Structure formats: structure tokens, C-alpha cells
Amino acid sequence: MRRVFSVFVLMLFAAVLIAGCAQPVKKCVFPEDNPAHHYIQGMTLMEKGSLQDAEARFQRALYCEEEFSPAHAGLAMHGAIKAAGIKEQAHRKVEIQKAEGHLDAAEKHANTPEDEFAHNLAAMRFYAALKPNNKWLKEVEGAYSDAMKLRLDERRLLYYDGAEAASYYMGAAYLEAREFQKARDSWGAVLNAKKDGKWNAPAEAMWKKTDRIVRALAGITVGDVGKDIALKDSVSRGDMAALLIDELKIDRLLAGRIPARSVSDALRPNFIPADMLNHAFREEVLTLMKWNLRGLEPIYDQTTKAYLFKPEDAVSRKELSLSLEDALIKITGDESLATAYIGHDKSPFPDIPATAAWYNAAMNMTTRGIMEPELSGEFRPNDLVTGAEAVLSIRVLRQRLNIN
């Protein structure tokens with residue numbers, strides 16, 4: 001009897017061991033301590049720019065489930081964004097290799113179409129962030145095509161919520177490539193997909209931005225500097241100098257109005273501001289300074305007790321109107337423009353009185369369509385000039401002056 005009991009105990013013990021081996025101990029047991037939750041939180045943090053916190057969330061997801069494909073996709077994107085900001089080549093290479101490893105793991109462990117979708121979007125964002133070669137856009141387009149071929153259950157899409165997310169990030173890649181028309185079309189596809197989806201509001205904002213850029217660039221040939229500036233949410237004084245010199249060719253236009261004997265004197269700037277010695281737009285600013293354009297003159301700095309150009313300071317709409325008005329007066333030689341609207345009793349702008357120092361400039365710019373007021377009539381004098389606004393203003397001014 002004792003022997004039978006002993007055999008029974010041994011068999012029971014063996015069964016427990018076998019069961020334990022067949023079902024590994026679960027590492028994450030609390031309801032919200034699961035891979036999907038950590039992945040979604042990691043993606044949200046990454047979009048906010050909190051890369052370190054996002055990485056911790058992705059790593060926690062993998063701790064809970066080592067082969068969780070979306071977490072590997074998240075780490076691939078995280079690594080690409082991180083590597084893109086590293087200048088030291090050896091360090092950058094290490095981070096890229098780690099990101100590539102996670103991208104491969106995301107593909108290897110993808111068990112559902114929804115996992116494959118997350119992997120394809122990670123690939124799109126990986127190549128767009130790093131631009132490893134001149135074929136990077138083709139790589140993004142290939143991953144986008146693969147993502148759009150998948151038959152998805154959108155209820156099971158983690159974080160992305162809808163297939164239109166692929167079109168949103170395709171638009172972002174086209175914007176990076178300065179393919180503005182294609183970017184606008186991609187964001188238009190997002191807007192046409194759903195009326196109230198997760199990506200609708202950000203896509204609408206980006207569509208409006210790129211639409212302004214497309215309109216600004218229509219009909220003119222703009223160099224790389226102009227395209228880069230067109231993307232900016234605010235334009236600096238250095239940016240405006242570059243646009244006026246490189247895109248408007250103001251130096252060539254003004255030089256043609258000066259008698260030959262005076263050209264050498266006019267083409268010599270009085271001094272070089274200390275903050276322009278090593279600036280990327282040094283030559284453009286020095287060239288512009290020769291013409292003493294209102295609104296873009298050197299500014300006296302109380303701290304240094306010297307005149308500086310302050311190339312990184314943002315340009316307001318009233319400052320832009322003064323500069324473009326002065327350019328118009330100098331190029332055409334029509335001095336009457338400087339006082340054309342002085343003496344008005346009432347301003348058509350609800351936010352600019354007729355006595356304001358920039359009222360005449362605002363009128364000259366809006367009556368010629370060089371700058372646009374709001375539908376409400378407001379000029380928004382203190383608002384910062386966007387890149388698209390600056391390029392569009394240069395475009396219209398060129399048309400008014402009949403410059404090819």
C-alpha cells in the first residue's frame with residue numbers, strides 16, 4: 001500500500017513538472033502590464049518627443065512578451081529617430097544597426113496582418129528618418145505599397161487605428177523629400193478616407209500647410225534654399241535675406257539702377273556684424289546690407305554695444321511688409337509709394353490704425369496682392385511669417401515686377 005502511494009506521489013509530482021514546463025511563468029500579471037498597453041504608450045510618448053520614456057515602454061512590452069512584433073517595430077522607429085540626431089559616425093552606426101535588428105525582428109515575429117502593418121509603417125518611418133541613401137524614398141514607397149495591400153481588421157490595429165495612417169506617413173515622407181504636390185495628395189487621401197478618424201485633424205493641418213507651399217511655388221523655379229524655407233512655420237531674418245538675394249535677385253535688380261561710377265561704392269557693406277561671421281547665410285546678408293532695406297537692417301544690441309544682424313530672429317508680417325515695400329520702391333524708383341496711403345482717416349484693417357508706422361506698407365502690399373489679409377480684413381501685423389507666406393510674397397512680387 002505504501003509503495004502504491006509512493007508511486008502515485010511521484011507521478012503527481014512529474015505531472016506538475018511537465019505542466020510547469022509546458023506553460024512558462026507569466027512575467028507580467030497585472031491587467032495594464034501587458035505588451036499592447038506598453039506599446040501604445042510608447043508610441044504616444046515617441047510622438048511627443050519623449051524618446052527615453054518611449055524606449056522604456058517598448059522594452060517593457062518585450063519583457064512581457066519577447067517576440068511581440070509591434071514593440072520591435074516601435075524600437076526600430078525609436079532607434080532611427082535617435083540615430084538621425086547623432087553626428088558622431090561610430091555611435092550613429094551602432095544605433096542604426098540596433099534599429100535594423102528590431103526592424104528585422106518586427107517582420108520575423110509578425111503573426112497577423114495588423115502586425116505586418118505596424119512593421120511596414122516602422123520601415124517607412126525608419127527610411128524617412130535616416131535617409132541612408134538616395135533611394136530612401138523608393139524604400140518608403142515600397143513599404144507603403146506593402147501596407148496598403150494588407151487585409152486588415154482595423155479594430156485590431158494597435159495605436160494606428162486605421163489603414164489611412166500609412167497615407168499620413170507617406171505624406172510626411174514626401175514632405176521630407178520636398179515632393180510637395182505628392183505630400184498634399186497623400187494627406188488628401190487621408191481626409192477622403194474618413195471624416196472623423198484619428199489621422200483626420202493632423203492630416204488636415206498638414207494638407208493646408210502643403211497647399212500653401214504648392215501655391216507659393218507654382219510657376220517659379222525655387223532652389224533648395226527656397227524649398228527648405230517654404231517648409232518653416234516661421235521665417236528668420238537670415239531666411240528672408242536668402243530669399244531676397246537667391247529668389248528675388250534683388251542685388252542684380254538694384255545694381256542695374258545705379259550709375260556705373262557708383263556701383264563699386266554701393267556694393268561695399270560698411271561692416272560685417274559679429275553674429276554673421278560664421279553664419280550659413282553670411283554672403284546673402286552682407287549682400288542685402290548694401291541696400292539698407294527697411295526692416296532688415298542691422299540692429300543695435302544693448303548687451304554687446306554693437307550692431308548685429310540677429311539672423312535667427314523671427315520676422316513678423318509688419319516687418320515683412322516694410323522690407324518688401326522698400327524693395328518695391330528701390331527697384332521701381334517710384335518714391336511716391338512711400339507716402340501713397342499716408343493721411344487716411346480710416347484704416348480698412350481692424351488691427352492696424354491709419355497712423356501706424358507700417359500702415360502704408362501694409363496697404364502697398366495688400367492692394368498689389370503681394371501679401372494677403374485674412375477674410376475678416378485683419379492684417380495680423382504681429383504674427384510671424386511662415387515659410388510659405390514668405391515664398392508666396394516673393395513669387396507675387398516677381399510677377400508684379402515682371403521678373404523671369
Side-chain angles (χ1 to χ4, degrees), residues 46-47 76-77 80-81 83-85 96 99 103 117 119-150 160 162-194 197-236 239 242-243 246-248 280 385-396 398-399:
M46 188 170 65
E47 301 297 355
M77 289 181 284
I81 295 169
I96 291 175
L103 192 61
F117 185 83
H119 163 258
N120 285 317
L121 262 66
M124 291 173 63
R125 299 177 69 179
F126 174 91
Y127 287 109
L130 291 174
K131 304 177 185 62
N133 53 55
N134 58 9
K135 296 181 180 180
W136 69 268
L137 186 58
K138 291 293 184 183
E139 297 284 0
V140 176
E141 290 175 327
Y144 170 73
S145 177
D146 290 342
M148 297 305 290
K149 291 175 183 176
L150 295 169
Y160 290 111
E164 69 275 11
S167 295
Y168 179 85
Y169 284 107
M170 191 66 246
Y174 281 134
L175 191 64
E176 284 285 332
R178 307 300 186 260
E179 296 278 359
F180 300 119
Q181 182 69 56
K182 290 182 179 179
R184 184 178 66 171
D185 291 346
S186 291
W187 283 313
V190 177
L191 297 176
N192 291 330
K194 291 178 183 175
K198 174 178 179 176
W199 301 99
N200 190 276
E204 183 175 15
M206 295 306 297
W207 186 92
K208 288 179 179 178
K209 178 178 179 177
T210 50
D211 182 62
R212 286 193 294 268
I213 294 171
V214 169
R215 288 194 298 120
L217 298 178
I220 63 173
T221 301
V222 174
D224 290 339
V225 170
K227 289 179 181 179
D228 288 342
I229 292 173
L231 279 169
K232 294 189 174 185
D233 293 325
S234 64
V235 172
S236 70
D239 293 334
L243 283 176
D246 296 344
E247 305 300 339
L248 185 61
V385 179
T386 68
E389 282 181 309
V391 174
L392 182 59
S393 296
I394 295 294
R395 172 198 168 193
V396 177
R398 283 176 60 169
Q399 291 173 339

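Not measured: the values here are computed from a predicted model.
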With rounding to the nearest 0.5 Å, note down the distance linking [atom1] in [X] to [atom2] in [Y].
| X | Y | atom1 | atom2 | answer |
| --- | --- | --- | --- | --- |
| I229 | I394 | CD1 | CD1 | 9.5 Å |
| K149 | F117 | NZ | CZ | 14.5 Å |
| M148 | L150 | CE | CG | 9.5 Å |
| L191 | S186 | CG | OG | 11.0 Å |
| Y174 | D185 | OH | CG | 9.0 Å |
| R212 | L392 | CZ | CG | 10.5 Å |

Smallest separation among heavy atoms of [X] and [Y], with atom names:
| X | Y | answer |
| --- | --- | --- |
| S234 | D239 | O-OD2, 4.4 Å |
| A173 | W136 | O-CH2, 3.5 Å |
| A390 | L243 | CB-CD1, 3.7 Å |
| A216 | R395 | O-CD, 3.2 Å |
| A147 | A166 | CB-CB, 4.4 Å |
| A203 | V190 | CB-CG1, 3.6 Å |

Practice task
Check step by step if side-chain contact (heavy atoms from CB on, under 4.5 Å) holds for N192 and E164.
Solution key: CA-CA 9 Å; N192 291 330; E164 69 275 11; over 6 Å; no

Could you list the donor-acceptor pairs under 3.5 angstrom formed by side chains in residues 119-132, with sequence neighbours left out?
| residue | atom | partner | partner atom | Å |
| --- | --- | --- | --- | --- |
| N120 | ND2 | E116 | O | 3.1 |
| R125 | NH1 | E47 | OE2 | 3.0 |
| R125 | NH1 | Y169 | OH | 3.3 |
| R125 | NH2 | E47 | OE1 | 3.3 |
| R125 | NH2 | E47 | OE2 | 2.9 |
| K131 | NZ | A128 | O | 2.7 |
| K131 | NZ | E176 | OE1 | 2.8 |

Exercise for the section: Keeping the roles fixed (side chain from K209, backbone from K232), state whether a donor-acceptor pair exists under 3.5 Å. Expected result: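 No, because the side chain of K209 does not come within donor-acceptor range (under 3.5 Å) of the backbone of K232.
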
Handout entry: Whether N200 side chain and K194 backbone form a donor-acceptor pair below 3.5 Å
Key =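 Yes, the answer is positive, given that a donor and an acceptor are paired below the 3.5 Å cut-off.
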
Practice task
Can you sort out the partners of F180 under ring pair (Phe, Tyr, Trp, His ring centres under 6.0 Å), two or more places apart, ordered by chain and number?
Solution key: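 Ring pair (Phe, Tyr, Trp, His ring centres under 6.0 Å) list for F180, sorted by chain: empty.
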
Practice task
Give the C-alpha distance, both sets of side-chain angles, the deciding distance and a yes or no for side-chain contact (heavy atoms from CB on, under 4.5 Å) between W199 and Y160.
Solution key: CA-CA 9 Å; W199 301 99; Y160 290 111; 3.9 Å; yes

Problem - Side chain proximity check, V391 to K227, heavy atoms < 4.5 angstrom - result: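 Counting from C-beta outward, V391 and K227 never come under 4.5 Å.
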
